[in-house]
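Every chain is numbered from 1 and lettered A, B, ... according to where its sequence line falls, protein lines coming before strand lines. Predicted model, so just to flag it, every value in this text is computed and none were measured.
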Number of protein chains: 2
Amino acid sequence: MATGRTHRPATRSRGIPEATVARLPLYLRALTALSERSVPTVSSEELAAAAGVNSAKLRKDFSYLGSYGTRGVGYDVEYLVYQISRELGLTQDWPVVIVGIGNLGAALANYGGFASRGFRVAALIDADPAMAGKPVAGIPVQHTDDLEKIIKDNGVSIGVIATPAGAAQQVCDRLVGAGVTSILNFAPTVLSVPDGVDVRKVDLSIELQILAFHEQRKAGEETAGEEAVTASVPKNTPKGPDGDVPVVMPA
Amino acid sequence: MATGRTHRPATRSRGIPEATVARLPLYLRALTALSERSVPTVSSEELAAAAGVNSAKLRKDFSYLGSYGTRGVGYDVEYLVYQISRELGLTQDWPVVIVGIGNLGAALANYGGFASRGFRVAALIDADPAMAGKPVAGIPVQHTDDLEKIIKDNGVSIGVIATPAGAAQQVCDRLVGAGVTSILNFAPTVLSVPDGVDVRKVDLSIELQILAFHEQRKAGEETAGEEAVTASVPKNTPKGPDGDVPVVMPA
DNA sequence: CCATCTTTGTGCACGCGTTCACAAAGACAT
DNA sequence: ATGTCTTTGTGAACGCGTGCACAAAGATGG
Ligand SMILES: NC(=O)c1ccc[n+]([C@@H]2O[C@H](COP(=O)([O-])OP(=O)(O)OC[C@H]3O[C@@H](n4cnc5c(N)ncnc54)[C@H](O)[C@@H]3O)[C@@H](O)[C@H]2O)c1
Ligand SMILES: NC(=O)c1ccc[n+]([C@@H]2O[C@H](COP(=O)([O-])OP(=O)(O)OC[C@H]3O[C@@H](n4cnc5c(N)ncnc54)[C@H](O)[C@@H]3O)[C@@H](O)[C@H]2O)c1
């Protein structure tokens, strides 16, 4: 019997829930602010308030990293900053490439918050020959032809896609082919990638649509059902799943 | 305005789970693409593949909207586009203001995908007097002094914050005070808002940190399992130029 | 050294979201 | 009409995430 090795895959071995991972950067930001004010320790209650989460949730999150708190006192700010940074992999340098230097790509390149946490813009890549060599945010834009070489020369494993939607999958494939295993996608497309590659997407349009949904719901509540644009939607009756078929199908 | 009806049982009254709402825009996008190709009907299996989700999940999502499919055939594309659009509130016009016309704000203003789905940039607002009157994306930037008037004159209920983090809460308060009830926040800050106001955040830094976490985990797995759990400086940094991390264990 | 007080760490219950699996519904052919 | 075949709609089981509530740990003061 191997020592300590469980039968479970790595996801369980490291044991940090995805939801917790997503909150760690939030805690880190709050802790960094405290650190800059030279606050030595902080209670779960205070830190939770600053991060906008439940204090029990925060304590449970930290418990996954180990027990770094002191009962009756709280958590040591500096120590926690270090532990979370290490857990997130921010103690090392992450070269990043941005592909598609248009409106958004240029804004990202100019974004100061990038470098603040170990992320370094290693290269800017665009398909437009007219942009080649032109500096954006002090970094010369390089042509897509050299994408593979750029990735390999710089040891890049994280890529940001800010091209039009139509080019995103193709760019993605090339990034992955060159060795990139993490992608942040700003293009409004579903990217398909092989196992082992992580994709996260930032989709402005989706966010707005979600807001619009709730906005409409709020407005609808105030004016109590005034719509009736086309036959009222069948209230999803919990007990009568079928039966009503009045909704007309427009051929 | 909200007349004391701050209670919030509506989430269940309308009955559409939040997770489903978040996927509707995804389905809508895939359906729109099918519609443009004049595809008349689509099965849950096909549509699910296009949207990158499980087909059973998709069917259950649609079941919350009512039963719009035909067994043995699938879903009518045009009809579904309409139903989802209506459910999301996209059949009406949503005037939006963007506050903070810097790198990111300007990119957002120039973003074509904005207008495509009922969202209309009603105004651009910035605190910099030098920007006042200057057109960005064909729209003249207005000064923050007039924020309240702009919101009210245009009937704006959705606001986008793209100011520096330090100004975000203040801007948020003014937006809410003027009647905005949905906010999309790009600044890396936790915004606090009264009940009845929805906030969604887009945080590039957090996304990158989450990717870095998984990236580090992948790298750690490759180099075969032992890894100093506590203390000790991270060692899997072949070319790490950081080399600092002087933080030491307290106590 | 003991009492008290603060705050952590976590057991537990609950609700939401996901997925499987299948009966029923309907299209289509004969 | 009847049978076959496709695909929906959903019951049910399961796992994850959340938050309450509390015992234990440790600091602090006498
Ligand atoms: N601008 C925004 O605020 C915003 C917001 C949300 C999403 N988006 C999305 O981000 C993407 C970029 O938006 P944008 O406004 O910057 O567009 P843009 O047209 O200004 O820029 C796109 C850039 O990508 C380059 N490009 C095109 N094909 C390429 C390829 N195959 N390889 C490399 N580069 C290529 C173009 O040369 C151009 O410079 C789009 O998919 C858009 O939908 C933009
Ligand atoms: N640029 C990016 O790619 C990017 C990415 C992620 C997040 N962000 C965040 O988005 C925000 C904006 O980033 P940016 O790069 O555009 O910054 P920026 O400095 O280029 O622009 C900020 C703009 O906000 C204006 N402003 C400042 N205070 C204001 C106030 N009180 N009211 C109205 N306007 C005000 C400034 O005049 C300026 O025009 C920041 O919080 C940043 O952290 C930016």
Who pairs with S63(A) by side-chain hydrogen bond (donor to acceptor under 3.5 Å, both in side chains), at least two apart in sequence or on another chain? none

By the ring pair (Phe, Tyr, Trp, His ring centres under 6.0 Å) test, which pairs, at least two apart or in different chains, include something from residues 20-52 of chain B? Y27(B)-F62(B)

Would you mind reading off the distance between [X] atom [atom1] and [N] atom [atom2], rounded to a whole angstrom?
{"X": "I16(B)", "N": "dC16(C)", "atom1": "CD1", "atom2": "C1'", "answer": "16 Å"}
{"X": "Y64(A)", "N": "dC16(D)", "atom1": "OH", "atom2": "P", "answer": "10 Å"}
{"X": "E45(A)", "N": "dC5(C)", "atom1": "CD", "atom2": "P", "answer": "19 Å"}
{"X": "D76(A)", "N": "dT8(C)", "atom1": "CG", "atom2": "P", "answer": "13 Å"}
{"X": "L80(B)", "N": "dT8(D)", "atom1": "CG", "atom2": "P", "answer": "11 Å"}
{"X": "L65(B)", "N": "dT10(D)", "atom1": "CG", "atom2": "C1'", "answer": "15 Å"}
{"X": "D61(B)", "N": "dT8(D)", "atom1": "CG", "atom2": "P", "answer": "14 Å"}
{"X": "F62(A)", "N": "dG9(C)", "atom1": "CZ", "atom2": "P", "answer": "10 Å"}

Could you identify which residues of residues 20-43 of chain A place a heavy atom less than 4.0 Å from some atom of DNA chain C, listed by residue number, or say none? S43(A)

Does anything in residues 40-65 of chain A pair up under salt bridge (Lys or Arg N to Asp or Glu O under 4.0 Å), and if so which pairs, sequence neighbours excluded? R23(A)-D61(A)

Would you kindly compare T70(A) and E18(A) by the position of their nearest DNA chain D nucleotide and give the one closer to the 5′ end? E18(A)

DNA chain D: V73(A) or S44(B), which has the more 5' nearest nucleotide? S44(B)

Output yes when a side-chain donor or acceptor of [X] lies under 3.5 Å from a complementary backbone atom of [Y], and no otherwise.
{"X": "Q169(B)", "Y": "S192(B)", "result": "yes"}
{"X": "T20(B)", "Y": "I16(B)", "result": "no"}
{"X": "N185(B)", "Y": "T189(B)", "result": "yes"}

Within less than 4.0 Å of OP1 or OP2 of dG9(C), is there a side-chain N or O belonging to Y75(A)? yes

Any N54(A) side-chain N or O less than 4.0 Å from OP1/OP2 of dC20(D): yes

Report yes if the side chains of C172(A) and V193(A) come closer than 4.5 Å at any heavy-atom pair, otherwise no. yes

Which atom pairs link the protein and nucleotides 1-5 of chain D when you take only N or O atoms and keep those under 3.5 Å?
none

Between Y75(B), Y82(B), Y79(B), which is the residue that forms a ring pair (Phe, Tyr, Trp, His ring centres under 6.0 Å) with Y68(B)? Y79(B)

Regarding T32(B) and E36(B), is there a side-chain donor-to-acceptor distance under 3.5 Å anywhere? no

Against K201(B), only a single residue in V190(B), I183(B), I206(B) fulfils side-chain contact (heavy atoms from CB on, under 4.5 Å); can you say which? I206(B)

Sole residue of D203(A), L108(A), I161(A), T163(A) in side-chain contact (heavy atoms from CB on, under 4.5 Å) with F186(A): L108(A)

Can you pull every protein N or O that's under 3.5 Å from an N or O on nucleotides 10-14 of chain C?
unit_1  : atom_1 : unit_2 : atom_2 : d
dG11(C) : O6     : K60(A) : NZ     : 3.2
dC12(C) : N4     : K60(A) : NZ     : 3.2

Would you compute the distance between atom CG of L34(A) and atom CZ of R37(A) and round it to the nearest 0.5 angstrom? 5.5 Å

